[in-house]
Each structure stands twice: as structure tokens, then as C-alpha cells.
Amino acid sequence: MKVSILDDYFDTLRTLDCFKKLAGHEVTIWNDHIQDVDALTERLRDTEALVLIRERTQIRNALLERLPKLNLISQRSVYPHIDIETCTRLGIVVSSSQHADTPSYATAEFTWGLILGAMRAIPQQMAALKAGKWQIGVGHTLRGKTLGIYGYGRIGAVVAGYGRAFGMKVLVWAREPAMAKARADGYATASSKAAFFEECDVLSLHMRLVDATRGIVKADDLARMKPTALIVNTSRAGLIEPNALVNALRAGRPGMAAVDVYEKEPLRDVNDPLLAMDNVVATPHLGYVSRDEYEIQFTDIFDQILAYAAGTPTNVVNPDVMGHRRG
């Protein structure tokens, strides 16, 4: 099969052990990012199997209609960036492992790194030291403080465990089934959403972005936070109401933010207000970006290609396509 891989920024995939799975297939890897439909059409005109790295490129109707040879899209995790209805209509199989029992430990670890970095102002202190300054302020320790986990799913549960190991008081707010699971795991749950935002010293978001969660964090919620509090978002920018975070940080509640996700990615606007704030630690969506995590994810993705080539597609998220799939 002719396989195309988009958005492999550092040409990493060909260096992974699992890349050997694609031996015998004709593989083209693109290291830059483009979203222009005409340019993508030219790149992918002969592609039979398309590999996506998470949600870096939007795959919508206007592009899909112009790719008559495309039979399979193989990726991992959620797929809000793919027009599933059009794929089904055109006979394109979408395979995406949902890894039900395997959280992204890379994202959980990175979340904890952001918490430590922000609470101790590590990036700011490093920058100051390189500029010839010796200490620019006093940070905060974590022990004894309250860690809020908003959304107690696979990653949120792991981060809660890190908080417990650091001697923090863990407080959970989520839908009732998730809060019941948190209580069963020995964690306290908030009495209300308002109390949750008021009590947390560190509040970390761990929800998928769907219609029900878009904008779920309101300006009023942020205004309840302590002026010493930190909000962390390694999930999706759309969980927070548009402009609410910047305005809240300017108002001083919460006092800090650590952000790994943005409304538009890649973020290349150096004038974005978040990048200009001294009380923000901002990183370029690195949560899942580690060699170990890539081995896990792309083993699944490449296995899905092999399964399709063998005539037995797996992890098909649009099963209605099976009766009239291409190829």
C-alpha cells in the first residue's frame, strides 16, 4: 500500500522500532505542517492509507472528496478532526484504537512537570539566571496543598496518584460515575463545582473535548480561584470559555497558569497574550510527545494498517463503511 504520514515534525517515526512493521509498503513522511486543502490534495493524491499524528491536521469533506485512492485513515485516540460521516459515505475506513485501559503516562508525567515548573517558577528562574539575575522570587511547595482533578478519567486518576505521593490533598470534580470511582479510590470529592474552584491550590483539567465539555470552565469559575492558585491544562484549550483564561489571569484569579494546548495549533503567534505573561508557563503541546509514548501509539497505528491490508480491519470507528469500503 501507499502510506502517507503527516506532521512528523522531527522525522521521528522512521527511527522507532515499530516502524519496521511497515516494511514492504511504500511510505512517504511529511515533516512540516500544512492545512491548505490544495496543498494537501497534491501531497496525498496517490495515498491509500493515511497516518495521522493525533489532531495535528484537520481531515474534512473538502479534502476527502479529492482523494479517490484513499482507503484507510489510521490513528489513535479521539477523532474530532476527522469528518467521519464523509469517510463513511466515500467508503474510507477510519481505524483508531481507543486504548481503553492504557492512559497516556507521558501526558500525566508532563502534567506533573508543568505543576512543579509553574509552582516553583522554574522556567522563569532559568531565563533570569541566563540573563545574569540571581533569583527573582519565591515559589510554592506542594505538600499539604489541595490538588483539584477536574475529570477523573485515565489520565486524571494517574495525576491524582502523583498528588497523593507528594503529600497533597486530592479533590475531584467530575460527572457522578467518575466521582464514585474517585471515592472508591480513596479521594475526596467536591460538594459543588463552585466549592471545587474555591478550594483548589492547583487545579488540573483532564477531560475530552466534546460538545458537552466545550467551554465547561467559565469565567465565573476562574474568578472563584485563589490569587495564589495554579490552573493546568494539558487536555484541550476548548474546555475553557474563549478569552476567559487570559482575562482571569489579568484579574489575578487564578494567579498562575500552565498551558500545553491552544485553540489554534501549531501556535506561532509570538504576540499571543498567554506567551507574554510572566505568570504563565506555556509549552507547545508536548504532553504525549515522548519516544516511549510514540512506540506505544504507533504500534497500534501500524498494526491497524497491517490488519486492513490483510482484509480484516480493526478498531473501526465507522462500522457502517464495511459494506461498501474501497480497495
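When reading the values below, keep in mind they use all heavy atoms of this one structure, side chains included, and skip hydrogens, waters and symmetry mates.
- Taking the side chain as every heavy atom from C-beta outward, L64 and I59 approach each other to under 4.5 Å.
- Heavy atoms only, all atoms of each residue included: A258 and L114 are closest at CB-CB, 3.9 Å.
- Each ring pair (Phe, Tyr, Trp, His ring centres under 6.0 Å) pair with one or both residues in residues 247-294, not counting sequence neighbours, appears once here: H285-Y288, Y294-F298.
- Residues N61 and R89 have side chains that bring a donor and an acceptor to within less than 3.5 angstrom of each other.
- Checking side-chain atoms of T213 against main-chain N and O of I216 turns up no donor-acceptor pair under 3.5 Å.
- More than 12 heavy atoms of other residues, nucleotides or ligands lie within 6.0 Å of CE in M322, so this atom counts as buried by the packing criterion.
- Cation-pi geometry between R56 and Y9 is satisfied (NZ or CZ under 6.0 Å from the ring centre, within 45° of the ring normal).
- With values rounded to the nearest 0.5 angstrom, D8 atom CG is found 5.5 Å from N31 atom CG.
- Under 4.0 Å is where a charged nitrogen must lie from a carboxylate oxygen, and between R76 and D300 at least one such pair does.
- Taking each heavy atom of R253 and A223 in turn, the nearest pair found is CD-O, 3.3 Å.
- Here D269 pairs with nothing under the salt bridge (charged side-chain N to carboxylate O under 4.0 Å, His left out) rule; sequence neighbours left out.
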I'd like to know whether V317 forms a side chain to side chain contact (heavy atoms under 4.5 Å, CB included) with I84, so could you lay out the CA-CA distance, the side-chain angles of the two residues, the decisive distance to 0.1 Å, and finally the verdict. CA-CA 8 Å; V317 302; I84 298 296; 4.0 Å; yes
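- Listed for the E241 side chain is no donor-acceptor partner under 3.5 Å among the backbone atoms of N243.
- In this structure a side-chain-to-backbone donor-acceptor pair under 3.5 Å is present from S192 to A195.
- Within a 6.0 Å sphere centred on CZ of R175, other residues, nucleotides and ligands contribute 12 heavy atoms or fewer.
- Heavy atoms only, all atoms of each residue included: I73 and C87 are closest at CD1-SG, 3.9 Å.
- In the model, D320 has no side-chain atom that pairs as donor or acceptor with a side-chain atom of T88 under 3.5 Å.
- Atom CD of Q98 has more than 12 neighbouring heavy atoms from other residues, nucleotides or ligands inside a 6.0 Å radius.
- Judged by distance alone, with hydrogens and angles left aside, the side-chain atoms of Q125 form a donor-acceptor pair with the main-chain N or O of I136 at under 3.5 Å.
- Under 4.0 Å is where a charged nitrogen must lie from a carboxylate oxygen, and between K181 and D185 at least one such pair does.
- Atom CD1 of residue I305 and atom OG of residue S74 lie 4.5 Å apart, to the nearest 0.5 angstrom.
- Between R14 and D11 there is a salt bridge, since at least one side-chain N of the basic residue sits less than 4.0 Å from a carboxylate O of the acidic one.
- With hydrogens and angles disregarded, no donor-acceptor distance shorter than 3.5 Å links the side chain of N233 to the backbone of V259.
- Contact check on R236 versus E55 returns a salt bridge, with a Lys/Arg side-chain nitrogen under 4.0 Å from an Asp/Glu carboxylate oxygen.
- Side chains of S96 and N315: a donor-acceptor N/O pair is absent below 3.5 angstrom, by distance only.
- Here ring pair (Phe, Tyr, Trp, His ring centres under 6.0 Å) pairs that include residues 14-69, with residues two or more places apart or in two chains, number zero.
- Under the 3.5 Å distance criterion, the side-chain polar atoms of Q135 are left unmatched by any main-chain donor or acceptor of V138.
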Assess whether salt bridge (Lys or Arg N to Asp or Glu O under 4.0 Å) is satisfied between D46 and K69, documenting all intermediate values. CA-CA 6 Å; D46 295 321; K69 297 183 180 180; 3.0 Å; yes
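- Looking at residues two or more places apart in sequence or on another chain, you find a side chain to side chain donor-acceptor pair (under 3.5 Å) between D32 and R43.
- Rounded to the nearest 0.5 Å, atoms NZ (K2) and CG (L70) are 13.5 Å apart.
- With rounding to the nearest 0.5 angstrom, the OG atom of S4 is 9.5 Å from the CD1 atom of I29.
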Evaluation steps, salt bridge (Lys or Arg N to Asp or Glu O under 4.0 Å), between K169 and D201: CA-CA 10 Å; K169 303 170 186 175; D201 297 295; over 6 Å; no
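- Sorted by first then second residue, the side-chain hydrogen bond (donor to acceptor under 3.5 Å, both in side chains) pairs that include residues 140-151, not counting sequence neighbours, number zero.
- The pair E198-R224 meets the salt-bridge criterion, since a charged nitrogen lies less than 4.0 angstrom from a carboxylate oxygen.
- Taking the ring pair (Phe, Tyr, Trp, His ring centres under 6.0 Å) definition, one finds that F166 meets it with W112, sequence neighbours left out.
- Side-chain contact check for T234 and T111: at least one donor-acceptor pair (N or O, by modelled atom type) lies under 3.5 Å.
- Under the 3.5 Å distance criterion, with hydrogens and angles disregarded, no donor-acceptor pair is assigned to the side chains of Q304 and S95.
- Note: L171 CG to L147 CG = 9.0 Å, rounded to the nearest 0.5 Å.
- Side chain of T15 to main chain of T12: a donor-acceptor pair is present (N/O by atom type, distance under 3.5 Å, no hydrogens or angles).
- A side-chain contact (heavy atoms from CB on, under 4.5 Å) with L50 is found for exactly one of L72, L6, I92, namely L6.
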